[in-house]
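Below: the structure, in structure tokens.
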Amino acid sequence: MKWSQMPIKHKLIMMTLFTSVIGIVVVSLSFIWYENLTYKDQLKQEMNVIGKILADRSNAALVFSDTAQLQDNVNSLKLRQSIELSCIYDAMGQPLSSFSRRQDLQCPLAPAANEGEFTNSYFHLTQAIELDGESIGKLYIRSSLQELIGHLQNYIATTAIVSALVVMALLLVSSMLQRIISTPLVHLTETATRIARVKDYSLRAEQESEDEIGQLVVAFNSMLDTIEEQNAQILHNYENLEKIVAQRTVELRSANKELEAFSYSVSHDLRQPLRAIDGFSDALLEDCSDQLDEVAMDYLNRVRAASQRMGRLIDSMLTLSRVTRYKVESKDVNLSNLAATIVEALQADQPERHVEVIIQPDLMTQGDENLLGVALSNLIGNAWKYSSKLSLARIEFGAIDKDGERIFYVKDNGAGFDMKYADKLFVAFNRLHSPAEFEGSGIGLATVSRVISRHRGRIWAESQPGEGSAFYFTLNDAAVDAHETGAR
């Protein structure tokens, strides 16, 4: 199991054991090192004392070349089991007597005087034998360190046993002590998990101590208090919002009724005086033309043209209003057939025009056929109108697929427009060409934009003055608001 996946109680036990074992090992190694150093120092001092005593006892025998006495002196070291080899040399470095516990041991040649040195598993001592301050020979002693090695081995074994017992005791103690730290955290975790599962923010963790963990529990409970208060406020705001929405819905329905009444008034009350103005103007032109001069006739023609333009503007406004309130009914729509029908009507209205029309076949989509017909009628009608001054006009309707999205387009090679005014294209009553150049109400593209918006699509344009225009739009019927309502 990974460290990050371990329960906290196991982590606490492992950390306690790890630090304790490291401490025990360091202390044990320190004691072993100190014991080894102390034992060697004591051995060195003891061997130096033995060497000096033996050297003092051997100086007279060495002067008189009493080898028997010298041999007795070195044989006296047999009583110390650690000494394996002892030799007495004359002033020329020749061994005169020796003691060896093994036959394979030989006296070394001319050993240098020293107070003792350790090599491998032995201690070597070379003591000068003096008489009246003059060196007359040397004493060499080699002592085994097996006793030290055995002592250290016993010490290490004892330390290992004691350390194992201490670790076991620490394991037991740490298992008990970890509960003091882990239990409050476990309880806090269980409370947090339960809250996350049942979403009951009235639950609280129990504070079991006054330390940092206790402070954490207090902070956790304080956070729950805040969440509970916020939830209550959100619920209160939601209830108020529902009331506000209901109130706004009533107001919206009232506004829609007023808009319908206004539309009816525009459709009937405004049309009637416009028809009267147009009708009486036409009657004057027909019945009184012989009594009117050219200026009066021109004024009457202007009155008729203005009243007819006002009628078309009213028609456009009513269309925009109907599009906004129209109840969307989605189904499969063949946009190619709609475009073909619109082009046929335009050609029938202006048979003298020769326009090359290219319609990509069988462009299908999901949407409201009537609304999409209104949008295409405005787009193709604009292309027809703004290419009317060309002898070789060209209009194209098609679609491309880009980044998993189908994009429809209507292109023409007509008058075009400056792209710096593109932000005004789809705003009602904004026109980029004067009425003297091209007739229009300035509402057509606003109507198109509203239709595309109700299909949760996008519309944009690209153009250059004198090089035609291209209008692109997308449709996303899957996102059409099923709750949109309105009257036809």
inquiry  = For I24 and V167: C-alpha separation, side-chain torsions, deciding distance, then whether side-chain contact (heavy atoms from CB on, under 4.5 Å) applies.
reply    = CA-CA 9 Å; I24 291 172; V167 169; 4.1 Å; yes
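- Looking only at side-chain heavy atoms (C-beta outward), E228 and L224 stay at 4.5 Å or farther from each other.
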key: Residue pair V49, I53: steps toward the side-chain contact (heavy atoms from CB on, under 4.5 Å) verdict   = CA-CA 6 Å; V49 171; I53 293 173; 3.8 Å; yes
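- What you find for L79 and R101 is that their closest heavy atoms are N-NH2, 4.4 Å.
- Classification of E396 and R394 as a salt-bridged pair holds, one side-chain N sitting under 4.0 Å from a carboxylate O.
- The closest side-chain heavy-atom distance from V374 to T447 is below 4.5 Å.
- Annotation: L109, atom CG; neighbour count of heavy atoms from other residues, nucleotides and ligands within 6.0 Å does not exceed 12.
- Rounded to the nearest 0.5 Å, atoms CG (L62) and OG (S97) are 8.5 Å apart.
- For the atom pair I407 CD1 and I459 CD1, the distance stands at 12.5 Å (nearest 0.5 Å).
- Two residues are said to be in side-chain contact when any heavy atoms from C-beta on lie closer than 4.5 Å; L335 and L475 meet this criterion.
- To the nearest 0.5 Å, atom CG of residue L54 and atom CG of residue L77 are 5.5 Å apart.
- Summarising the geometry, atom CZ belonging to F473 is positioned 12.0 Å from atom CZ belonging to R458; distances are rounded to the nearest 0.5 Å.
- Applying the side-chain hydrogen bond (donor to acceptor under 3.5 Å, both in side chains) test to residues at least two apart or on different chains, the pairs with a partner in residues 130-142 are E84-R142, H124-Y140.
- Scored by the side-chain hydrogen bond (donor to acceptor under 3.5 Å, both in side chains) test, S143 finds S82 as partners (sequence neighbours excluded).
- With contacts defined as side-chain heavy-atom distances shorter than 4.5 Å, the pair Y409/Q360 qualifies.
- Put simply, the side chain of R80 reaches to within 4.5 Å of the side chain of M47, judged on heavy atoms.
- Counting heavy-atom neighbours within 6.0 Å of W460 CH2, excluding the residue itself, gives a total above 12.
- Using a 4.5 Å cut-off on side-chain heavy atoms (C-beta onward), D225 and R204 make contact.
- Expressed to the nearest 0.5 Å, how far CD1 of I342 lies from CG of L376 amounts to 5.0 Å.
- Side chain of D403 to backbone of E405: no donor-acceptor contact under 3.5 angstrom is found.
- Looking only at distances, no side-chain donor or acceptor of N378 sits under 3.5 Å from a matching main-chain atom of L445.
- Using modelled atom types, no side-chain atom of E369 and backbone atom of K331 make a donor-acceptor pair closer than 3.5 Å.
- Using cut-offs of 30° and 60° for the angle between ring planes, the F397 and F408 rings count as parallel.
- Using a 4.5 Å heavy-atom cutoff, the side chains of E356 and L392 are not in contact.
- Enclosure of atom CZ in F118 by more than 12 non-hydrogen atoms of other residues, nucleotides or ligands within 6.0 angstrom is indicated.
- Around the CZ atom of R194, the shell of radius 6.0 Å holds no more than 12 heavy atoms that belong to other residues, nucleotides or ligands.
- Every side-chain hydrogen bond (donor to acceptor under 3.5 Å, both in side chains) that E147 has, sequence neighbours left out, goes to Y39.
- Within the structure, disulfide (SG to SG under 2.5 Å) contacts touching residues 49-105 (residues at least two apart or in different chains) are C87-C107.
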request  = In sequence, state the C-alpha distance, the side-chain angles, and the governing distance for F220 and T191, and then conclude on side-chain contact (heavy atoms from CB on, under 4.5 Å).
outcome  = CA-CA 10 Å; F220 179 77; T191 303; 4.2 Å; yes
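- At distances below 3.5 Å, at least one donor-acceptor pair connects side-chain atoms of N48 with backbone N or O atoms of K44.
- Around atom CD1 of I22, more than 12 heavy atoms belonging to other residues, nucleotides or ligands sit under 6.0 Å away.
- One side chain, N73 or S58, offers a donor N or O that lies under 3.5 Å from an acceptor on the other.
- Applying the side-chain hydrogen bond (donor to acceptor under 3.5 Å, both in side chains) rule to N75 yields the partners Q71; only residues at least two apart in sequence or on another chain are considered.
- Using a distance-only test at 3.5 Å, with no hydrogens or angles considered, a donor-acceptor pair links the side chain of T341 to the main chain of N337.
- Pairs engaging residues 239-250 under the side-chain hydrogen bond (donor to acceptor under 3.5 Å, both in side chains) rule: H236-N240, Y238-E242, Q247-E251 [sequence neighbours left out].
- Going from atom CG of L96 over to atom CG of D90 covers 4.5 Å, rounded to the nearest 0.5 Å.
- Listed for the S463 side chain is a donor-acceptor partner under 3.5 Å among the backbone atoms of G468.
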message = Working note: N382 + V410, criterion side-chain contact (heavy atoms from CB on, under 4.5 Å); need CA distance, chi angles, decisive distance, verdict.
response = CA-CA 10 Å; N382 277 355; V410 175; over 6 Å; no
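- In the displayed structure, D104 atom CG is contacted under 6.0 Å by more than 12 heavy atoms of other residues, nucleotides or ligands.
- S86 is listed as a side-chain neighbour of L139, based on a closest heavy-atom distance under 4.5 Å.
- Although no hydrogens or angles enter the test, the distance criterion places a donor-acceptor pair under 3.5 Å between the side chain of S336 and the main chain of L363.
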